[in-house]
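Here is the structure we will look at, set down as structure tokens.
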Amino acid sequence: MCRPVIKDETQQQRGSAGVPEEDTTIHMALMLKVNNTLQEIHLSKHEMTDTGVERLCEALRENKTLRYLDLSCNKITRDGIKCLAELLKKNTTLEILDLTSNRMEDEGAFYLAEAIQLNDCSLKALAIVSNNITGEGLKALAAAIKLNKGLEYIYIWGNVLDEDACQRI
């Protein structure tokens with residue numbers, strides 16, 4: 001007798017794209033939707049891509065307790081950063097975001113700058129070390145920081161620092 005194939009929630013979340021590398025990220029996202037105690041999560045060196053970040057952001061829209069999110073050393077590009085920036089515009093609990101050693105580049109920096117410049121952005125510390133951001137992206141971030149009095153720390157080393165960007169920061 002044949003048994004029906006039952007998809008678990010992870011397979012349904014993954015959809016037809018079927019990205020098995022993102023299974024743990026999807027499980028974490030599902031957990032974050034319902035968890036009301038976790039304040040810190042480290043997903044460094046997780047090989048997370050933009051797809052995983054998208055799922056994580058969907059969950060974090062509902063999460064009101066997470067304060068520290070470490071996504072360092074992954075494969076997140078400007079598209080994933082765009083999702084995070086949209087999240088930052090609405091999330092009022094996230095205080096520390098570590099995006100060290102991803103693939104953000106200038107366009108990702110522009111998305112972050114747009115979110116950071118809002119007064120209700122709750123970030124206090126942002127790490128964007130080694131993301132191949134040039135002077136243009138860093139200047140946009142510097143301008144945004146001037147408008148946000150809550151952001152206390154930003155870590156930028158390992159990017160392309162030109163003289164003009166250094167003077168503005």
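When reading the values below, keep in mind they use all heavy atoms of this one structure, side chains included, and skip hydrogens, waters and symmetry mates.
- Using modelled atom types, no side-chain atom of Asn74 and backbone atom of Ile76 make a donor-acceptor pair closer than 3.5 Å.
- Nearest heavy-atom pair, Ala113 versus Ala140, reported as atom, atom and distance to 0.1 Å: CB-O, 3.5 Å.
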- Take His46 and Met28 through the side-chain contact (heavy atoms from CB on, under 4.5 Å) test and state the conclusion after the steps. CA-CA 12 Å; His46 200 67; Met28 287 293 201; 5.5 Å; no
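- Here the closest non-hydrogen pair linking Glu136 and Phe110 is O-CE2, 3.5 Å.
- Distance alone, capped at 3.5 Å, is enough to place a donor-acceptor pair between the Ser122 side chain and the Leu94 backbone.
- A donor and an acceptor atom, one from each side chain of Asp106 and Thr134, are located under 3.5 Å apart.
- For the pair Lys64/Asn36, no side-chain contact is recorded, criterion being any heavy-atom separation below 4.5 Å from C-beta on.
- By the 4.5 Å heavy-atom criterion applied to side chains, Glu86 and Tyr111 are not counted as neighbours.
- One distance of note links CE of Met48 with CD of Glu54; it measures 12.5 Å at 0.5 Å rounding.
- Around atom NZ of Lys124, no more than 12 heavy atoms belonging to other residues, nucleotides or ligands sit under 6.0 Å away.
- Of the N and O atoms on the side chains of Glu22 and Thr25, at least one donor lies less than 3.5 Å from an acceptor on the other residue.
- Shortest non-hydrogen contact noted between Asp70 and His42 is OD2-ND1, 3.2 Å.
- When side chains are defined from C-beta on, Leu112 counts as touching Leu88, because their heavy atoms get closer than 4.5 Å.
- Between Ser72 and Ser44, the side chains place a donor N or O and an acceptor N or O closer than 3.5 Å (distance only, hydrogens not considered).
- By the criterion of side-chain heavy atoms lying less than 4.5 angstrom apart, applied directly or through intervening Ile, Leu, Val, Met, Phe, Trp or Tyr residues, Leu138 is not grouped with Leu147; the two fall into different hydrophobic clusters.
- The aromatic rings of Tyr153 and Tyr155 sit parallel, their planes meeting at an angle under 30°, below the 60° perpendicular limit.
- Between the side chain of Asp50 and the backbone N or O of Gly80, at least one donor-acceptor pair lies under 3.5 Å.
- Atom NE2 in His27 sits 7.5 Å away from atom CG in Leu30 (nearest 0.5 Å).
- Leu123 has its side chain out of reach of Glu95: every pair of non-hydrogen atoms, C-beta onward, lies at least 4.5 Å apart.
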- Residue pair Leu60, Leu69: steps toward the side-chain contact (heavy atoms from CB on, under 4.5 Å) verdict: CA-CA 10 Å; Leu60 288 174; Leu69 179 59; 3.8 Å; yes
- Task: Take Thr24 and Ile26, measure what side-chain contact (heavy atoms from CB on, under 4.5 Å) needs, and give me the verdict at the end.
- Result: CA-CA 5 Å; Thr24 56; Ile26 293 167; over 6 Å; no
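- Cys121 contributes atom SG, which lies 8.5 Å from atom CG of Leu126 (distance to the nearest 0.5 angstrom).
- Closest of all the heavy-atom pairs between Asn148 and Ile116 is ND2-O, 2.8 Å.
- Judged by distance alone, with hydrogens and angles left aside, the side-chain atoms of Asn102 form no donor-acceptor pair with the main-chain N or O of Met104 at under 3.5 Å.
- When only modelled atom types and interatomic distance are considered, Thr93 and Asn91 share a side-chain donor-acceptor pair under 3.5 Å.
- Listed for the Asn159 side chain is a donor-acceptor partner under 3.5 Å among the backbone atoms of Asn132.
- Under the 4.5 Å side-chain contact rule for hydrophobic residues, Ile41 and Leu87 share a cluster.
- Hydrophobic clustering, with ILVMFWY side chains joined whenever heavy atoms are under 4.5 angstrom apart, groups Leu161 together with Ile154.
- In this structure, the side chains of Ile133 and Glu105 stay at 4.5 Å or more apart for every pair of heavy atoms.
- Taken to the nearest 0.5 Å, the NZ atom of Lys90 stands 10.5 Å off from the SG atom of Cys57.
- A heavy-atom distance below 4.5 Å is found between the side chains of Leu56 and Leu71.
- Under the 4.5 Å side-chain heavy-atom criterion for grouping Ile, Leu, Val, Met, Phe, Trp and Tyr, Leu99 is connected to Ile145 within one hydrophobic cluster.
- A 4.5 Å side-chain heavy-atom check between Ser101 and Asn131 finds every atom pair outside the cut-off.
- Contact of the Arg103 side chain with the Lys75 side chain is registered, since non-hydrogen atoms from C-beta on lie closer than 4.5 Å.
- Note on Lys33 versus Glu58: no salt bridge recorded, every NZ/NE/NH1/NH2 to OD/OE distance being 4.0 Å or above.
- Cluster annotation: Met31 and Val53 are assigned to the same hydrophobic cluster (Ile/Leu/Val/Met/Phe/Trp/Tyr, side-chain heavy-atom contacts under 4.5 Å, transitive).
- Closest approach of Leu32 and Ala59 over heavy atoms only: CB-CB, 4.2 Å.
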